[in-house]
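Beneath this line is the structure, given in structure tokens, with notes to follow.
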Amino acid sequence: MADIGKDITRAQQLLLDGHLVAIPTETVYGLAANALNEKAVLEIFKAKNRPHFDPLIVHVSGLAQAETLVESIPDIVKTLTQKFWPGPLTVLLPKKEIVPDLVTSGLNTVGLRCPDHTLTLELLKNLPFPLAAPSANPFGYVSPTTPQHVNEQLGDKVSYILDGGECRVGIESTILGFENTPTVYRLGGLTLEALEPITGLLHVQLNSSSNPHAPGQLQSHYAPRKKILLGTREQLLAHSYLKAGTIVFQNQLPGISDVKQVILSPSGNLEEAAQHLFAALRQLDKTDVEIILAELVPETGLGRAINDRLRRAAH
Ligand code: TXA
Ligand code: MG
């Protein structure tokens, strides 16, 4: 098991020495290494058992550091990052040579984001390089939102987990590209409603089957081991299962014992639901239920990203 603590200096030293450190962000925990050190980045892929065709997001302390990594920053990206960084927005931009091809899986763009978490921002400001960091889970599994989640699955692969508590947003960043028209490649912690006043109507391109821009788009992803059945309350109630657990938005489904029911937000708040979603999947995955009945949430705001993760988990 890895050590868990708030020692930024220790995290900093490990990263300077080319090691992996799990870091908190407002979205999910990341598995970080020096983004400019190919050997260190290789360790990330190994630890996660992640295929090399799936590129990593590079975390920066702000726009100034971003400028050292990309050819140029379009005005719209300057406006967006001014408004939403630090925060759950990843932008895809043409990379400079200094960014190793391993980080971008050979693509000519790099995904950049400035995470909104005091510990990790301080860490980034103290380091002479940006941090490549995918979510700190084995490839294909649900992302971690607490240090304990990281420790359970990657504790023997990482020497230190920087403890930033439970993640505030709870689902990964929104990924935005600018090649033709501004396009969302992954729905995430920043909503379309927040982005569109600045970008205009966004193109949303999820699940492209061949040569995915973002393999996080893979239809089966963020998946627990248990079978998941997804639907509205009416659809879920039409089934009768003996050993079922549920993930519901506001209210329990009748006829299933309390311990197996996870309510995401009793008050019906989508932010709260997003924050609790991955922990709920992990919690039920550990029980002896045979199936997880998951209720779709309203398809608006963060609800779109929540439903997207549920669909991928169920696929
Ligand atoms: O919120 C987040 O984004 C978290 C925290 C740790 O920052 N990170 C995260 O990383 O979710 P990861 O590796 O689990 O997912 C990153 C996604 C992948 O689906 C990857 O394919 C996509 O971003 N991606 C990264 N660089 C890309 C690029 N240059 N072009 C297209 N997609 C890219
Ligand atoms: Mg991930």
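Whatever order the structure lists ligands and atoms in, that order sets their numbers, starting from 1. Small disclaimer: the values here were computed from a predicted structure and weren't measured. Heavy-atom basis, side chains included; hydrogens, waters and symmetry copies ignored.
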What atoms of ligand 1 come closer than 4.0 angstrom to any heavy atom of [X]?
X    : result
E172 : 1 (O), 2 (C), 11 (O)
S173 : 1 (O), 2 (C), 3 (O)
H59  : 5 (C), 6 (C), 7 (O)
L56  : 25 (C), 26 (N)
T27  : 1 (O), 2 (C), 4 (C), 5 (C)

Problem - Ion pair check, D308 and R312, cut-off under 4.0 Å - result: yes
Handout entry: Short N-O contact, R233 and E295, less than 4.0 angstrom
Key = yes
Completion exercise
Excluding water, the protein N, O or S atoms sitting under 2.8 Å from the Mg ion (ligand 2) are S135 OG
Handout entry: Nearest heavy-atom neighbours spanning T232 and Q235
Key = N-OE1, 2.8 Å
Handout entry: Heavy-atom side-chain proximity of E152 to K286 below 4.5 angstrom
Key = yes
Handout entry: Min side-chain heavy-atom separation V91-W85 under 4.5 Å
Key = yes
Problem - Option set L107, V110, V169, T104, criterion heavy-atom distance to atom 30 (N) of ligand 1, minimum - result: L107
Problem - Winner among I175, T109, L131 once heavy atoms are compared against atom 23 (O) of ligand 1 - result: I175
Ligand 1 N/O within reach of [X] N/O, cut-off under 3.5 Å:
X    : value
R186 : yes
K48  : no
D54  : yes

Practice task
Decide whether E172 and S135 meet the rule of one side-chain donor and one side-chain acceptor closer than 3.5 Å.
Solution key: no
Exercise for the section: Indicate, as side chain, backbone, both or neither, the part of R50 found under 4.0 angstrom from ligand 1 when only non-hydrogen atoms are considered. Expected result: side chain
Problem - ring-ring contact (aromatic ring centres under 6.0 Å, His included) partners of Y141, counting only residues at least two apart - result: none
